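Here is the structure we will look at, set down as structure tokens.
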There are 2 protein chains.
Amino acid sequence: MAQIRLALAQLNVTVGDIAGNAEAIQRWARHAADRGAHVVAFPETALTGYPVEDLALRSSFVEASRTAVEELAGKLAAAGLGNLVVVCGYLDRAEDGYERTGRPKGSPQNAAAVIHRGRIVARAVKHHLPNYGVFDEFRYFVPGDSLQVVTVHGVDIAVTICEDLWQEGGPVRATRAAGAGLLLTINASPYELAKDDDRLNLVTRRAREAMCPLAYVNMVGGQDELVFDGDSLVVDETGTVLTRAPQFTEGLLTVDLDLAATTRGADEYAGIRVERTVVSDTPLPAYEASPSGEAPRLDEEAEIYTAIVTGLRDYVHKNGYESVVLGLSGGIDSALAATIACDALGPENVYGVSNPSRISSEHSREDAADLAARTGLNYRVIPIEPMVSAFADNIELTGIAQENLQARIRGMIWMGIANQEGHLTIAAGNKSELAVGYSTMYGDAVGAFAPLKDVPKSRVWALARWRNQAALDLGETPPIPENSITKEPSAELRPGQRDTDSLPPYDLLDQILEDYVEEDAGAADIVAAGFDPELVERIIRMVDAAEFKRRQYPPGPKITFKAFGRDRRLPITNGWREAVIAGHEPHAPLRTAPPGEGPQA
Amino acid sequence: MAQIRLALAQLNVTVGDIAGNAEAIQRWARHAADRGAHVVAFPETALTGYPVEDLALRSSFVEASRTAVEELAGKLAAAGLGNLVVVCGYLDRAEDGYERTGRPKGSPQNAAAVIHRGRIVARAVKHHLPNYGVFDEFRYFVPGDSLQVVTVHGVDIAVTICEDLWQEGGPVRATRAAGAGLLLTINASPYELAKDDDRLNLVTRRAREAMCPLAYVNMVGGQDELVFDGDSLVVDETGTVLTRAPQFTEGLLTVDLDLAATTRGADEYAGIRVERTVVSDTPLPAYEASPSGEAPRLDEEAEIYTAIVTGLRDYVHKNGYESVVLGLSGGIDSALAATIACDALGPENVYGVSNPSRISSEHSREDAADLAARTGLNYRVIPIEPMVSAFADNIELTGIAQENLQARIRGMIWMGIANQEGHLTIAAGNKSELAVGYSTMYGDAVGAFAPLKDVPKSRVWALARWRNQAALDLGETPPIPENSITKEPSAELRPGQRDTDSLPPYDLLDQILEDYVEEDAGAADIVAAGFDPELVERIIRMVDAAEFKRRQYPPGPKITFKAFGRDRRLPITNGWREAVIAGHEPHAPLRTAPPGEGPQA
């Protein structure tokens, strides 16, 4: 057996900011060395951020990554960190010069550098390129074909990258065949609800398959629509957790491991070459291991809430902003969105605007003011009646056009304030509304970011209750007015309007949406599950027709399995009619996708 | 040798409208039979439309396609068309039941059915799945591994699908090894500038490689951001064109071929199984061949203009609309967009709105009215001053916020009219503006479709001149006022404003954008090509920071190699700083991507 102290650096990096990310890597490498680590691992593409998307096809970008990783090696050595083995994700390119139609231009590769004494001593390249869900790696990358095994203090460490762990066979099996003492996998694995459970199951299974302990380091923080939840961990060869990092928090996880000493196994497995590099084949003198902890898991609502706070904070800050503006209607969506913004940015950086109309109820104004008082956010009231009148005097609008006008005047006011004062605008819409198109384009849908975009309405209420309870548990004032939680939802765009005029109750709507959107269930299956056929047809038609609106909606943090946006990509012009019920003509012409037409709210 | 009359049906189908597409296929099959064809070929995924995107992952959709192709076979036979061999693209699925992480759910396949006498006698599956540019086929499809060869009247016809022709080796080489007498390839190949030249070169080369004539049938019409240009053609084994269909026009191309009679070649080539089906191995009695024509090519401006007209018309009609509304500023962009809309939909379906402000020049109003008179579109004038005043009385906005307000009031008026009267809104912005973010979100950027989205400003002028000349050539009134073409561009959002206050002259801007956007050239390369370093840096920074605005811009027809949208996918939160010039700190913090902030116009 041979001892080693391993550090996993759960970093929050920014896509494209190679210089800034390199500085962070140096800083955390120093921290790892200070804690006595022999090896420190950084996430997949830590140097470039993830996902780089088509930046990978820009040769100046890939060359910058290649240069930066070489410079990083030099700087680490110059800073006295040369003896620390640093494993770091970056972009490289295949050197074979092979170009053909469809092969990503410049042959970029998703790689890991093993750095020691100022040099890159080994380069691992990702084999399996995920191209599903939020991933498009076949578009950008060329796969690797070898397994890198690096011997450090007498331990053979196999280095793999993210998807290589999720796919059956391949590098994990090669790790076993190669007789490695540790499987180290670097990741950029985005959050979704309960993903930590999936991840733990996977890591456990793969450790058993590889027949050695497995160390898993993940990114943390928000990048556009993705949130990385960290959750780095190390398990032993039976899958027992040795240490586990907190979710959504940047930090360094260190663990002392006592591992099988090097045993030269196979040099090839199922077409994968095993390439070996020896940094040091002498085990360390025995030392006393320090204990490692296991961070508690967040419960479901806490996990979602923290993911949204993380996603919003990083989106605002990484885009160079400090503050946000949003409309406060007195309703639950804007109340929750504002509370999240206060938690993410501080209430002094949140600007709430109440825009009452003649139709607005008294409680709407009171509830908005109450929220502002409870949270301490900046608050102002700008009634929209004068602008509504100015439009009404010059252009005749009725019905939905008139309802949309009010929402749009509000949107213009928020955007005016944002442009004037330098805030980003937040859209407070939830996933249920977005699914059925219950929003006004260029009205309530304006904004740079939509924190609740992937949160169904039922869950909005649950998160609000959870947040208030969390405040009570800490002896603080609950931020969200009880009345905003309990009152009946209304867009208040015409007198007496209620959401249920246009939609079924949200608990029912959300069940149908769960089946249709998350599960891709067909209309017939949903009806067979016991839902009213006419309702199913109506909801599905609304969902299918709202694709244009969803495309133009601001980005928001992915929470569920199938977030609108990167996870779910559908045509706008779409003649498909899923809904087929008895007594209805299955292929009757449907006026699909009313782009530019904004029903309600 | 054996004779055969082949028909290529260059169809305009709609994604998802399986029933409607099946009806069209029957109608055109009848037409082919009436013209004496023995074989008729329809495009790739003719039954489902292209691209189906994530509809492919919905099992009810794939099953509907599978059912519909069986029903189609029955209906063709019932209609007396059983003896006609029909080759038709549709979606199928792999039957192996093999599911794993990352494999498209349900294992959908991009397939071609060969239909004869009420049955599907052969199924070809696409081998090469393009996953670059506008394509994402690794996301949706599972590849095929056999080459289908169908013997019809003594001729061995190899059937392949689109990308199988673009990739080296594979099915084309297998066609040669199999000794086929004809290579028939069905396609959904989107338009881009001069693609017809690339296509002709490719088809010529592949015919020589396959050592037999090659028939190429393509889709036509608009689908969201894609436009299919048709351009179906047949070449002989030397690559000489035998017949060629017009661009952008639905129709049937028929040709009499005298082909090598069946010679059984290899049953396998480089891992590709050759599967043979005999419909009829007896050559036809000799008959007199009819001559086939070759449609003239459109010149460059005509080709682009027709692509845009096609894309706009289909987007409007396939989404269930008849009419559009747009703002008329008197400038060149809105004048060209309105003219295109009149050509696409008829002037009676085009609603132009002039929204002068106090700042608007007299010529702006006159030029807008002149355009309306020349084209015959519906015209109204709604000054924005009363609304501007109503906002000014209630919220203090200055500078860019005030400029954006004016643009947004206009956008609200257009959207109000669209919602009230049932039109789609058109955004008139061009590619140069979109590249550098010179537009107002929720202002001039509102709309369901943006016909000039992929047209650089220099080309906007060229298209306007071309369109006016085309009118003169026909003895018609040129639609676009000469003054709109010749006057200096201005957004007229503050007194005396000119585009060149914020931007370099468009001919210079467009050259830099060509290098940076189309060619992915690095800043250093562009500077090395002779452009001013400070200007290059400024332009690149503007382009990089405008990604959020581009994401929220309406869709528009792809014209160039790298259209914003499906072709070019970049992060919003993006710390990459391409621009590096002497005397500048290369990694200075950049306030990236000002989402929600709308500079000018």
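Note that the structure is a prediction, hence the values are computed from the model and not measured. Protein chains get the first letters and strands the later ones, always in sequence-line order, with residue 1 at the start of each.
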Shortest non-hydrogen pair, B/A401 vs A/G416, comes out as CB-O, 3.9 Å
Where do A/E168 and B/R100 land on the side-chain contact (heavy atoms from CB on, under 4.5 Å) test, with the steps shown first? CA-CA 8 Å; A/E168 299 297 329; B/R100 65 161 172 76; 5.8 Å; no
For A/G447 and B/Y442, work out which heavy atoms get closest and say how close. N-OH, 3.0 Å
I need the residue from B/T48, B/V388, B/D567 with the largest number of non-hydrogen atom pairs under 4.5 Å to chain A. B/D567
Side chain, backbone, both or neither of A/R380 within contact of chain B (heavy atoms, under 4.5 Å): neither
Please state whether the side chain, the backbone, both or neither of B/Y553 comes within less than 4.5 Å of a heavy atom of chain A. backbone
Any donor-acceptor N or O pair under 3.5 Å, side chains B/Q167, A/T101: no
Neighbour count >12 (heavy atoms, 6.0 Å) for atom CD, B/E421: yes
Who among A/G522, A/G443, A/G102, A/G222 has the most heavy-atom pairs with chain B under 4.5 Å? A/G102
Identify which part of B/I395 has an atom lying under 4.5 Å from any heavy atom of chain A, answering side chain, backbone, both or neither. side chain
Using non-hydrogen atoms only, which part of B/P130 is less than 4.5 Å away from chain A: side chain, backbone, both, or neither? neither
Could you tell me the separation between the OG atom of B/S60 and the CD1 atom of A/I526, rounded to the nearest 0.5 Å? 9.0 Å
More than 12 non-hydrogen atoms from neighbouring residues, nucleotides or ligands closer than 6.0 Å to CD on A/E396, yes or no? no
With a 4.5 Å cut-off on heavy-atom pairs, point out which of A/V52, A/I384, A/V446, A/I382 contacts chain B the most. A/V446
Qualifying residue, where the test is side-chain contact (heavy atoms from CB on, under 4.5 Å) with A/T573 and the options are B/D224, B/D314, B/D17: B/D224
Minimum heavy-atom distance between B/W576 and A/A64, given as atom pair plus value: CH2-CB, 3.5 Å
Distance to the ring centre below 6.0 angstrom and angle to the axis at most 45 degrees; does that hold for B/R139 and A/F138? no
Portion of B/R551 that has a non-hydrogen atom of chain A nearer than 4.5 angstrom: both
Smallest separation among heavy atoms of A/Q223 and B/P571, with atom names: NE2-CB, 3.8 Å
From A/Q420 atom CD to B/I400 atom CD1, the distance as rounded to the nearest 0.5 Å: 10.5 Å
Locate the shortest heavy-atom distance separating B/A390 from A/P386; write the atom from each residue and the value. CB-O, 3.7 Å
Check each of A/R408, A/Q402, A/E403 against B/N419 using the side-chain hydrogen bond (donor to acceptor under 3.5 Å, both in side chains) test, and report the only one that passes. A/R408
Looking only at atom types and distance, does a side-chain atom of A/R58 sit under 3.5 Å from a main-chain N or O of B/Y516, one as donor and one as acceptor? yes
If one checks every heavy atom of B/P554 against chain A at 4.5 Å, the contacting part turns out to be both
Quick one: of A/N21, A/D136, A/T14, A/L397, who has the most non-hydrogen atom pairs under 4.5 Å with chain B? A/L397
Interchain contact, A/E519 with chain B, by part (heavy-atom threshold 4.5 Å): backbone
Looking at side-chain heavy atoms only, is the closest gap between B/N394 and A/M387 below 4.5 Å? yes
Under 4.5 Å from a heavy atom of chain B, the part of A/I409 involved: both
Nearest 0.5 Å, what's the CG-CG distance between A/L57 and B/D520? 6.5 Å
Any donor and acceptor pair, going by atom type alone, linking the side chain of A/D54 with main-chain N or O of B/R569 inside 3.5 Å? yes
When rounded to the nearest 0.5 angstrom, what distance separates NZ in B/K318 from CD1 in A/I572? 13.5 Å
To check you understand the geometry: which heavy-atom pair defines the closest contact between A/F548 and B/P555, and what is its length? CE1-CD, 3.6 Å
Ranked by heavy-atom pairs below 4.5 Å to chain B, first place among A/G133, A/P51, A/A56 goes to A/G133
